Amino acid sequence: MSKIMIQALCGRIYKKEQLREDLIELNRLIKTESFREGFLDAFYEHEAFYLGLLDEADPKVRKNAVKLLACVGDPASREPLWQHYLKEETRFLRADYLEAMKAFDMKPYVGKLKAIRESLPEDEADKHVRNERRKLRELIRKEEPPAKHRFRWPKRPCRLCFIVPKGTEETAARAMGVTVAGKLSGGFIGVIAPEDLRKTLDFRVYQSALFDFCPRLIGEKAARDGRKVGAFLLEEGLVAYLEALHENNGEPFAFRVDIKGVKDPAVKNAIARDVSRILEEKSEGRLENDVSAYELEIRLLYSRRMDCRAFLKLYTLPDRRFEYRTRVLPVSMQPSRAALMMAFAGGALKDNANVLDPFCGTGILLIERAKALGYRSLYGLDIYRPALEACEENSRNAGARVQMIQRDFSDFRHEYPFDEIVTDMPRKSGNHSEKDIRGLYRTFFDRLGQWMTPEGRVLLYSEEESYIRENLKRHPKIRLIGQLPLTASGSAYLMQYGRE
């Protein structure tokens, strides 16, 4: 069917009756692989026709022809694209040619690309000229990647913002041995001595660490204007801060701007665009906006009042805490959240324990349990084979010895009881109705008596607090020790199994 549709559409294109509209539709269709494959046959039968579209008078036709040639990626199209770029007089189209050239090997043209970029004014007000400069830089960087900056461990204390689920700041800080110097939505500030920085960053309970280079609040009036935000960051010493934390390699710092807390996409994009522009124009060549190969992220956290704080996420400082997680599924738990659950359980975990996860998925909770404390055995159950395959790969990467069994938890038996149950409880979905999940919870709690040792521990994440409370009433031998909110919809629950 896709091939027939492409043939019909191309037939209309060759007649040029509504050329612009048909080319737009063709570009839309070939984003799908099956349509793209159908178009390749048509392209090679009429290659000269498609190259000839670059000479059409309508700039929108040329624009769509450029996109088609990039999608096909035939090396024979490279030189025609280059020649037409050189003579293209419609300013907004020149960046499209450069974007298309990313599909080709442009190494032989790098010298000419550099010469063209140097000929364009850096502070040009015309947005099309600025866009062309940016695309030239991206294309040059693709062929000649610049040297990456190397992080230099500081000799002075650093203020860091550790991103953690709201409400878990004290739990995370206590696990890390960090004194909370301030809080903000979804994180806390800590001042880390230089001799403690490596050790602190190795803790597993935080999602990401942001450098708090500018502790001052950007007021609402200034925060709404990206140009003022950019100027503020430079005045606060952004460039000097980056240079102090990195070895000088003569290259500019490649950055992107990320904005959190602004709901309106238009406002968000406008602020990010203006911040990026000011940083590039006013940093004397030390900062370059590059959303595809950035070394650092300038993260602006906006409040409801529309004032904001600025932080730095440095990708020059690799985060290797969860490198074992090479296989994921859409429902996989974040590993930092799993580690935070282990910190929450704390002394309730037992050294050299036998541990079971009856809904193990990709194995994240079992692996983080193994990282937290010694164990005798780790067992993971799941009925979904791809999940167990992911669990096998992840646990092997982590060096955790997980025994995986493809089985429904409701009929699982074992020769010896378990000291701990750790799990992420299933949720309502297209495959599991509310009735199914409620029944699953009842069966799970009923099975605990057959699985667990006296005074065993249950540590689970659930988005169904009512089912937890309901089953605790049904099972007086199970006692709730603590609860920690981890998401807007769910919590970690720590329970003890034993006699009344």
Side-chain angles (χ1 to χ4, degrees), residues 329 331-333 338 341-342 345 348-370 372-396 398 400-427 431-433 435-462 464 467-468 470-481 492-500:
L329 294 174
V331 295
S332 297
M333 176 176 281
M341 285 178 62
M342 300 306 153
L349 300 178
K350 178 182 176 182
D351 192 22
N352 202 33
N354 295 307
V355 185
L356 169 67
D357 185 343
F359 312 102
C360 71
T362 59
I364 302 303
L365 269 169
L366 285 172
I367 292 170
E368 289 304 318
R369 169 59 185 83
L373 196 63
Y375 61 93
R376 180 176 297 171
S377 67
L378 302 172
Y379 277 80
L381 309 181
D382 211 290
I383 59 174
Y384 189 44
R385 170 51 57 181
L388 290 176
E389 292 172 354
C391 178
E392 180 179 15
E393 181 175 316
N394 291 336
S395 59
R396 182 172 62 249
R401 304 184 306 277
V402 178
Q403 304 293 319
M404 288 156 290
I405 303 172
Q406 186 174 9
R407 180 176 295 180
D408 190 298
F409 79 101
S410 61
D411 62 3
F412 174 67
R413 304 283 192 280
H414 199 256
E415 59 184 338
Y416 55 79
F418 293 93
D419 303 294
E420 297 170 11
I421 307 290
V422 298
T423 198
D424 180 4
M425 295 295 286
R427 291 172 276 283
N431 297 324
H432 297 96
S433 67
K435 181 179 178 181
D436 293 336
I437 296 300
R438 186 175 185 182
L440 182 146
Y441 270 73
R442 290 178 67 89
T443 303
F444 171 80
F445 274 83
D446 291 345
R447 298 290 297 162
L448 291 179
Q450 301 173 35
W451 288 337
M452 302 204 71
T453 61
E455 299 185 0
R457 298 293 195 271
V458 181
L459 176 64
L460 59 84
Y461 172 78
S462 171
E464 302 292 346
Y467 298 162
I468 296 286
E470 174 185 312
N471 283 284
L472 285 172
K473 291 179 180 179
R474 293 178 56 242
H475 292 273
K477 288 187 177 181
I478 305 173
R479 180 169 61 90
L480 181 64
I481 301 174
Y493 296 85
L494 177 62
M495 295 173 278
Q496 177 178 314
Y497 177 82
R499 300 184 184 278
E500 294 183 60

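Positions are given from 1 along the sequence. Computed from a predicted model, the values in this text were never measured in an experiment.
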A.B. asks: Is Phe359 close to Leu440 at the side-chain level, that is, under 4.5 Å between some pair of heavy atoms?
C.D. replies: yes
A.B. asks: Under 4.5 Å between any side-chain heavy atoms of Met452 and Val458, yes or no?
C.D. replies: yes
A.B. asks: For the backbone of Glu455 and the side chain of Arg457, can you confirm whether one donor and one acceptor N or O come within less than 3.5 Å of each other?
C.D. replies: yes
A.B. asks: Less than 4.5 Å apart, any side-chain heavy atom of Leu373 and any of Met342?
C.D. replies: no
A.B. asks: Suppose the criterion is salt bridge (Lys or Arg N to Asp or Glu O under 4.0 Å): which pairs have a residue in residues 380-389, not counting sequence neighbours?
C.D. replies: none
A.B. asks: Between CZ of Arg376 and NZ of Lys350, what distance do you get to the nearest 0.5 Å?
C.D. replies: 7.0 Å
A.B. asks: Can you measure from CD (Gln450) to CG (Leu448) and round to the nearest 0.5 angstrom?
C.D. replies: 9.5 Å
A.B. asks: Okay, side chain of His414, backbone of Tyr416: is any donor-acceptor separation there less than 3.5 Å?
C.D. replies: yes
A.B. asks: Take Ser462 and Tyr493 through the test side chain to side chain contact (heavy atoms under 4.5 Å, CB included) and record every step on the way to the result.
C.D. replies: CA-CA 8 Å; Ser462 171; Tyr493 296 85; 3.9 Å; yes
A.B. asks: If I take atom CD1 from residue Ile383 and atom CG from residue Asp408, how far apart are they, to the nearest 0.5 angstrom?
C.D. replies: 6.0 Å
A.B. asks: Specify the closest pair of heavy atoms between Ala345 and Leu494, including all atoms of both residues, with the distance to one decimal.
C.D. replies: CA-CD2, 4.0 Å
A.B. asks: Any heavy-atom pair between the side chains of Ile437 and Pro426 that's under 4.5 Å?
C.D. replies: yes
A.B. asks: Do Met333 and Glu368 have side chains that approach each other closer than 4.5 Å (heavy atoms only, starting at C-beta)?
C.D. replies: no
A.B. asks: Provide the closest heavy-atom pair for Leu349 versus Ala372 in the form atom of the first, atom of the second, distance.
C.D. replies: CD1-CB, 4.5 Å
A.B. asks: For Phe412, does the CZ atom have more than 12 heavy-atom neighbours from other residues, nucleotides or ligands under 6.0 Å away?
C.D. replies: yes
A.B. asks: Can you give me the closest heavy-atom contact between Met341 and Tyr461, atom names plus distance?
C.D. replies: CE-N, 3.7 Å
A.B. asks: So with a 6.0 Å cut-off around CZ of Arg401, is the heavy-atom count from everything else above 12?
C.D. replies: no
A.B. asks: Hey, what do you get for CD1 (Ile468) to CG (Leu460), rounding to the nearest 0.5 Å?
C.D. replies: 4.5 Å
A.B. asks: Does a side-chain heavy-atom distance below 4.5 Å link Asn354 with Tyr379?
C.D. replies: no
A.B. asks: Strictly by salt bridge (Lys or Arg N to Asp or Glu O under 4.0 Å), give each pair with a member in residues 440-454 just once, sequence neighbours left out.
C.D. replies: Arg442-Glu470, Asp446-Arg474
A.B. asks: Quick check: do Cys391 and Asn394 have side-chain heavy atoms less than 4.5 Å from each other?
C.D. replies: no
A.B. asks: For residues Glu420 and Leu459, determine if any side-chain heavy atom of one lies less than 4.5 Å from a side-chain heavy atom of the other.
C.D. replies: no
A.B. asks: Using side chain to side chain contact (heavy atoms under 4.5 Å, CB included), reason through Met495 and Phe445 one step at a time and then give a plain yes or no.
C.D. replies: CA-CA 11 Å; Met495 295 173 278; Phe445 274 83; 4.1 Å; yes
A.B. asks: Taking atom CG of Asp357 and atom CG of Leu365, what is their separation to the nearest 0.5 Å?
C.D. replies: 6.0 Å
A.B. asks: If you round to the nearest 0.5 Å, how far is CD of Glu392 from OG1 of Thr362?
C.D. replies: 13.0 Å
A.B. asks: Test side chain to side chain contact (heavy atoms under 4.5 Å, CB included) on Trp451 and Phe444; report intermediate values, then the result.
C.D. replies: CA-CA 10 Å; Trp451 288 337; Phe444 171 80; 4.1 Å; yes
A.B. asks: If every non-hydrogen atom of Tyr497 is compared with every non-hydrogen atom of Gly449, which pair is closest and at what distance?
C.D. replies: OH-CA, 3.2 Å
A.B. asks: By the definition side-chain contact (heavy atoms from CB on, under 4.5 Å), identify the one residue from Leu381, Leu388, Thr423 that meets it with Cys360.
C.D. replies: Leu388
A.B. asks: Would Tyr375 and Leu366 satisfy side chain to side chain contact (heavy atoms under 4.5 Å, CB included), going step by step from the backbone distance to the final call?
C.D. replies: CA-CA 10 Å; Tyr375 61 93; Leu366 285 172; over 6 Å; no
